[in-house]
Amino acid sequence: MKFFIDTANLAEIQEAQALGVLDGVTTNPSLMAKEGITGRDNIMRHYKAICDIVEGDVSAEVISIDLAGMIREGEELIEIDDKIVVKIPMTKEGVKALKYFSGKGVRTNCTLIFSAGQALLAAKAGATYVSPFIGRLDDISTDGIALIEQILLIYRNYGFDTQVLAASVRHPMHIIQCAEVGADVMTGPLSAMEALLKHPLTDIGLEKFLSDYKKGNPNT
Ligand code: E4P
């Protein structure tokens, strides 16, 4: 399973990259705003800064809601760097944009997926990734992981190449559940990735190893 970090915070992206397990980045307009990145030129520069840190795909979201605008923005975004994947919302115009970009060989990420039907449409339109938001489904008492499983089954039935990118991951159990059901990618915060590291028995065990070593080697 690929690990993407879901942030526009450069320090967190650097930290995840340094860990050595990062495969890409997803951003969205809310995450950009959270970092105080406003204005088209600053936003474009920020995407470039992200691309300079990571080795994998970087999803950059269009803000237009009409087809012509999505195409214009997407074409500008892919000029920034080869790592850019055009992130397009699941709307009627968005499906048309996915089809347009897949015909041109441009990688896309269809965002705001909340149902299997939406994921099926996005795959038929040639999306590279679909992003079902599992955390936001869980927030309204709907099983986000069950949706990932359902989409994976549908894609397997017909051999779609579209990758299932589990988004809106909030905590380490989401990551483990995504891995159990076979999501292709998960995108979440650095805190959820780092939480995978933790186990109290690891800490206790390490402390014991180090204190035993010290007893045997008092002068080191
Ligand atoms: C996906 O690409 C989105 O950026 C993201 O995962 C949304 O997560 P949230 O529900 O925590 O805002």
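Order of listing sets the numbers, starting from 1, for every ligand and every atom in it. None of these values were measured; they are calculated from a predicted model.
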Are Tyr129 and Asp184 linked by a side-chain donor-acceptor pair shorter than 3.5 Å?
-> no
Say whether Leu19 and Val58 are linked into one hydrophobic cluster, either directly or through other cluster members, by side-chain heavy-atom distances under 4.5 angstrom.
-> yes
Run through Ile84, Ile78, Leu77 and flag the one making a side chain to side chain contact (heavy atoms under 4.5 Å, CB included) with Val106.
-> Ile78
Review item, side-chain donor-acceptor pairs of residues 146-161, under 3.5 Å, at least two apart:
| from | atom 1 | to | atom 2 | distance (Å) |
| --- | --- | --- | --- | --- |
| Tyr155 | OH | Ala119 | O | 2.6 |

Write out each pair where an N or O from ligand 1 and one from the protein are under 3.5 Å apart, with the distance.
| from | atom 1 | to | atom 2 | distance (Å) |
| --- | --- | --- | --- | --- |
| ligand 1 | 2 (O) | Lys87 | NZ | 2.7 |
| ligand 1 | 4 (O) | Asp6 | OD1 | 2.9 |
| ligand 1 | 4 (O) | Asp6 | OD2 | 3.4 |
| ligand 1 | 4 (O) | Asn28 | ND2 | 2.7 |
| ligand 1 | 4 (O) | Lys87 | NZ | 3.4 |
| ligand 1 | 6 (O) | Asp6 | OD2 | 2.7 |
| ligand 1 | 6 (O) | Ser168 | N | 2.7 |
| ligand 1 | 10 (O) | Arg136 | NE | 2.7 |
| ligand 1 | 10 (O) | Ser168 | OG | 2.6 |
| ligand 1 | 10 (O) | Arg170 | NH2 | 3.0 |
| ligand 1 | 11 (O) | Arg170 | NE | 3.2 |
| ligand 1 | 12 (O) | Arg136 | NH2 | 2.8 |

Would you find a donor on one side and an acceptor on the other, under 3.5 Å apart, between the side chain of Lys87 and the backbone of Thr111?
-> no
Pair Glu76 + Arg40, salt bridge at N-O below 4.0 Å = yes
